[in-house]
Amino acid sequence: MSALRRKFGDDYQVVTTSSSGSGLQPQGPGQGPQQQLVPKKKRQRFVDKNGRCNVQHGNLGSETSRYLSDLFTTLVDLKWRWNLFIFILTYTVAWLFMASMWWVIAYTRGDLNKAHVGNYTPCVANVYNFPSAFLFFIETEATIGYGYRYITDKCPEGIILFLFQSILGSIVDAFLIGCMFIKMSQPKKRAETLMFSEHAVISMRDGKLTLMFRVGNLRNSHMVSAQIRCKLLKSRQTPEGEFLPLDQLELDVGFSTGADQLFLVSPLTICHVIDAKSPFYDLSQRSMQTEQFEIVVILEGIVETTGMTCQARTSYTEDEVLWGHRFFPVISLEEGFFKVDYSQFHATFEVPTPPYSVKEQEEMLLMSSPLIAPAITNSKDRHNSVDCLDGLDDISTKLPTKLQKITGREDFPKKLLRMSSTTSEKAYSLGDLPMKLQRISSVPGNSEEKLVSKTTKMLSDPMSQSVADLPPKLQKMAGGAARMEGNLPAKLRKMNSDRFT
């Protein structure tokens, strides 16, 4: 612990978790008052820590016959004591039944009374009673063949029964021995060597609030194509009023980036980044004390030695999620290899973590940035000004061809307004402006606002400007436009005057 404090500082406290409580160790004399832990009432889990699902199916009625339709799977799913009982019972009943059949044949033929007659040929030699018939069946079924009891060719019904016995024995052997083999080779026990941390933690990682838990593999044999998934079980009510007691939500543990595909050689920390898409987007340290949820973790992979798929499960309830904790490192570099210390597999230590949810943090960040709203407003005004100029272009396209030729050469005021609408962009060409405006803009001390205001004033009242102040080229254009305007109809003159105002 002293080494950890030298590495991380005095603000960190090592916490050894346990399944019985939250895992906080009592503080020492110089560490402040001891925290009083109030034991919470244990609530019902959907999935136990060992992966067993607490679900019982009841009131099936006539649906129980479906179990008999898949009898092999039903036998495999039974517990071992029931499997052994069925195995012994099936063989005992089959042997007694077949021994009875041989005794019945011997009894109906009279072999039991004539077995000691010298010139008499029985169906089965040396079968005098039921025990001798039972021994004959066992010798035949197990292919022992002591040679003392044997079937003769004077008994056709015995030959037929012998064929039936061979077929029935093969079926029973294949069914029961296959069932026992499948049950023994099930990879459920392989999940016993896959470890999950007893607690999950929430802390900052890479600048993001992250939910983390740890998985490990105790065997040297690898889990091929190991993949992990997480489900959040939480009750909720829909807007329509429907209550969902165990609503399942997916927790992203790296599906989009491929982080859910594990190379499980050493213990790994599985991370779920809490963002706007996460179900824990509005979860804070305070709200977690009143929330009720359960995180189900499913680890799947192929056992390297047998090639069978193995699945390990566990779950974390809300009281097993530690806010502001981080897992203790367990991997150290030794001479020539990496060493994993599984004694610290479940250990955590406290780290500084904001007690607010991601949603609250984003809202506080938005409130602390007052320039965001004006920037949005300015951007809207800039778009509106550009839309107005685009509207002028649409009006000009509706004018007659002559007016378009006359007014088409006066597009520099619109260009100037478009350039001046974005005050942050100053890299525009002065070649589009007349010589007089270029000289005005080149004089030091004249800002863009003065240039735009002068240009706007010139455009707002064109009749009040002196033609002599304009360049020669513009004087000719203005004179031609005035003569042409006198010959235009009243409607076109009005449209032309509205365009310049």
Side-chain angles (χ1 to χ4, degrees), residues 57-58 60-190 303 305-310:
H57 304 282
L60 295 178
S62 60
E63 301 298 331
T64 54
S65 59
R66 295 176 178 266
Y67 291 101
L68 298 178
S69 61
D70 189 11
L71 184 59
F72 186 81
T73 306
T74 302
L75 293 177
V76 172
D77 290 340
L78 291 177
K79 295 183 178 181
W80 269 107
R81 55 179 176 266
W82 293 109
N83 275 107
L84 293 176
F85 175 76
I86 294 174
F87 185 86
I88 296 173
L89 180 64
T90 303
Y91 272 111
T92 302
V93 171
W95 291 346
L96 293 175
F97 173 76
M98 294 306 300
S100 301
M101 295 297 295
W102 287 109
W103 181 82
V104 169
I105 292 177
Y107 178 80
T108 55
R109 287 175 55 90
D111 295 343
L112 300 178
N113 300 325
K114 301 177 183 179
H116 298 284
V117 178
N119 58 353
Y120 180 75
T121 304
C123 181
V124 180
N126 300 319
V127 173
Y128 312 111
N129 48 25
F130 181 80
S132 59
F134 183 79
L135 290 176
F136 169 74
F137 166 75
I138 294 298
E139 293 174 13
T140 306
E141 179 66 23
T143 64
I144 297 175
Y146 292 117
Y148 182 69
R149 298 178 180 88
Y150 55 91
I151 189 173
T152 62
D153 55 355
K154 303 296 183 179
C155 183
E157 60 269 26
I159 297 174
I160 296 175
L161 182 60
F162 177 77
L163 296 177
F164 176 75
Q165 172 186 326
S166 300
I167 296 174
L168 181 62
S170 300
I171 294 175
V172 173
D173 291 341
F175 191 83
L176 292 181
I177 295 177
C179 178
M180 297 295 290
F181 175 78
I182 293 296
K183 191 168 184 62
M184 287 187 297
S185 61
Q186 274 187 325
K188 288 184 178 181
K189 294 302 179 182
R190 178 63 176 89
V303 182
T305 54
T306 62
M308 302 183 70
T309 303
C310 173

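Side-chain atoms are counted along with the backbone in the values below, which use heavy atoms only and exclude waters and symmetry mates.
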ask   = After noting the C-alpha distance and the side-chain angles of Trp80 and Met184, does the key distance pass the side-chain contact (heavy atoms from CB on, under 4.5 Å) rule?
value = CA-CA 10 Å; Trp80 269 107; Met184 287 187 297; 3.2 Å; yes
task = Show the numbers, then the answer: is there a side-chain contact (heavy atoms from CB on, under 4.5 Å) between Val172 and Thr90?
result = CA-CA 8 Å; Val172 173; Thr90 303; 4.0 Å; yes
task = Quick one: do Asp77 and Tyr67 satisfy side chain to side chain donor-acceptor pair (under 3.5 Å)? Show the steps, please.
result = CA-CA 11 Å; Asp77 290 340; Tyr67 291 101; over 6 Å; no
request  = Begin with the C-alpha distance, continue with both residues' side-chain angles, and end with the deciding distance and a verdict on side-chain contact (heavy atoms from CB on, under 4.5 Å) for Met98 and Phe164.
outcome  = CA-CA 10 Å; Met98 294 306 300; Phe164 176 75; 4.2 Å; yes
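Contact check for Tyr150 versus Thr152: side-chain heavy atoms found under the 4.5 Å cut-off. Residues Arg109 and Pro122 are not in side-chain contact: their nearest non-hydrogen atoms beyond the backbone lie 4.5 Å or more apart. No side-chain heavy atom of Ile105 sits under 4.5 Å from any side-chain heavy atom of Tyr107. Two residues are said to be in side-chain contact when any heavy atoms from C-beta on lie closer than 4.5 Å; Leu75 and Ile86 meet this criterion.
With values rounded to the nearest 0.5 angstrom, Gln186 atom CD is found 12.0 Å from Thr309 atom OG1. Here the CD1 atom belonging to Ile144 is positioned 12.5 Å from the CZ atom belonging to Phe136, to the nearest 0.5 angstrom. Here the straight-line distance linking atom OH of Tyr128 with atom CG of Leu112 works out to 11.0 Å at 0.5 Å rounding. Taking CZ of Phe137 as the reference point, atom CG of Leu96 lies at 9.0 Å (rounded to 0.5 Å). A distance of 4.5 Å separates CG of Leu84 from CE of Met180, quoted to the nearest 0.5 Å. Expressed to the nearest 0.5 Å, how far CG of Leu161 lies from SG of Cys123 amounts to 8.5 Å.
Applying the side-chain hydrogen bond (donor to acceptor under 3.5 Å, both in side chains) test to Gln165 and every residue at least two apart in sequence or in another chain returns Trp102.
Nearest heavy atoms, Val76 versus Asn83: O-OD1, 4.4 Å. Of all heavy-atom pairs spanning Pro187 and Cys310, the tightest one is O-SG, 3.4 Å. When every heavy atom of Lys183 is checked against every heavy atom of Leu78, the shortest pair comes out as NZ-O, 2.5 Å. Between Ser185 and Met308, the shortest heavy-atom distance links the atoms O-SD, 3.3 Å. Contact record, Glu139 with Arg149: OE2-NH1, 3.8 Å, taken as the closest heavy-atom pair. The heavy-atom pair separating Ala99 from Ala133 by the smallest distance is O-CB, 3.9 Å.
Ring planes of Trp82 and Phe85: perpendicular class, angle over 60° (limits at 30 and 60°).
The number of heavy-atom neighbours closer than 6.0 Å to CZ of Phe72, taken from other residues, nucleotides and ligands shown, is above 12. Shown here is Met101, whose CE atom has no more than 12 heavy atoms of other residues, nucleotides or ligands within 6.0 Å. Phe130 CZ: more than 12 foreign heavy atoms inside a 6.0 Å radius.
Asp70 and Thr73 share a side-chain donor-acceptor pair at under 3.5 Å. Asn129 and Ser132 form a side-chain donor-acceptor contact under 3.5 Å, judged by distance and modelled atom types alone.
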